[in-house]
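In each ligand, atom 1 is the first atom listed, and ligand 1 is the first ligand listed. Just so you know, residue 1 is the first one in the sequence shown, and it goes up from there.
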Amino acid sequence: MLPELRVLYFEDLEVGLTEILMKEISSSDVVGFAEITGDRNPIHLSEHFAARTPFGTRIAHGLYTAGLISAVLGTRLPGPGAVYISQTLNFRAPVRIGDTVEVKVEVAELIPERRRARLKCTCSVGAEVVLDGEALVKVPKKEEADPLAMRMGGGRPA
Ligand SMILES: C/C=C/C(=O)SCCNC(=O)CCNC(=O)[C@H](O)C(C)(C)COP(=O)(O)OP(=O)(O)OC[C@H]1O[C@@H](n2cnc3c(N)ncnc32)[C@H](O)[C@@H]1OP(=O)(O)O
């Protein structure tokens, strides 16, 4: 099930705030990612081909796993309205079909002058880190997101 959307404005953020998403990687996810991006590398799509690689079996596209970080940023922390500025990625180990990836995003630094948040991102399968990196996002302030509600006495949009 997809996580419920949650809006956090820049003022709601603090260093250490963390969100976790779990996702089991299915064959249809990988095939779907290949279709929408055009990346039909057989290491992702062909068991026959992948059997002859060091991984021995099909692996997920690295940017599909990275996309799960975007899902956390865009739906939960900070949530709707957050805009990606940059993302570093280190692919440390493969993700195989059937693996459950834990995606952890943690606020590492807040830059109030430019309403930027730097977030530490870690994807793991069991105890193994498969991907890590850092995201920089621009986060709306409450007054920008809903100026009318703010003038009427504050509070979040329904
Ligand atoms: C959760 C996921 C969401 C998404 O996936 S959203 C889709 C992906 N993201 C985007 O499409 C965003 C595209 N980029 C932009 O629209 C703009 O970019 C921003 C709104 C992110 C930033 O604009 P502003 O806040 O107005 O900053 P500035 O005043 O234009 O620039 C300030 C300094 O920052 C540098 N800069 C801006 N964006 C980037 C970037 N993405 N990467 C590297 N540097 C950037 C500029 O050059 C400049 O620098 P200097 O002060 O030296 O002139």
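Contact check on Glu4 versus Arg76 returns no salt bridge, with no Lys/Arg side-chain nitrogen under 4.0 Å from an Asp/Glu carboxylate oxygen. Between Arg116 and Glu109 there is no salt bridge, since no side-chain N of the basic residue sits under 4.0 Å from a carboxylate O of the acidic one.
Applying the ring-ring contact (aromatic ring centres under 6.0 Å, His included) test to Tyr64 and every residue at least two apart in sequence or in another chain returns Phe33.
The protein residues lying under 4.0 angstrom from ligand 1, judged by non-hydrogen atoms, are Ser70, Leu73, Gly74, Ala82, Val83, Tyr84, Ile85, Arg114, Arg116, Lys138.
At a threshold of 4.5 Å between non-hydrogen side-chain atoms, the residues His48 and Arg52 count as touching.
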Check the pair Lys120 / Val105 against side chain to side chain contact (heavy atoms under 4.5 Å, CB included), numbers first and verdict last. CA-CA 6 Å; Lys120 183 180 169 202; Val105 172; over 6 Å; no
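The main-chain N or O of Asn41 is found under 3.5 Å from a side-chain atom of Asp39 such that the two form a donor-acceptor pair.
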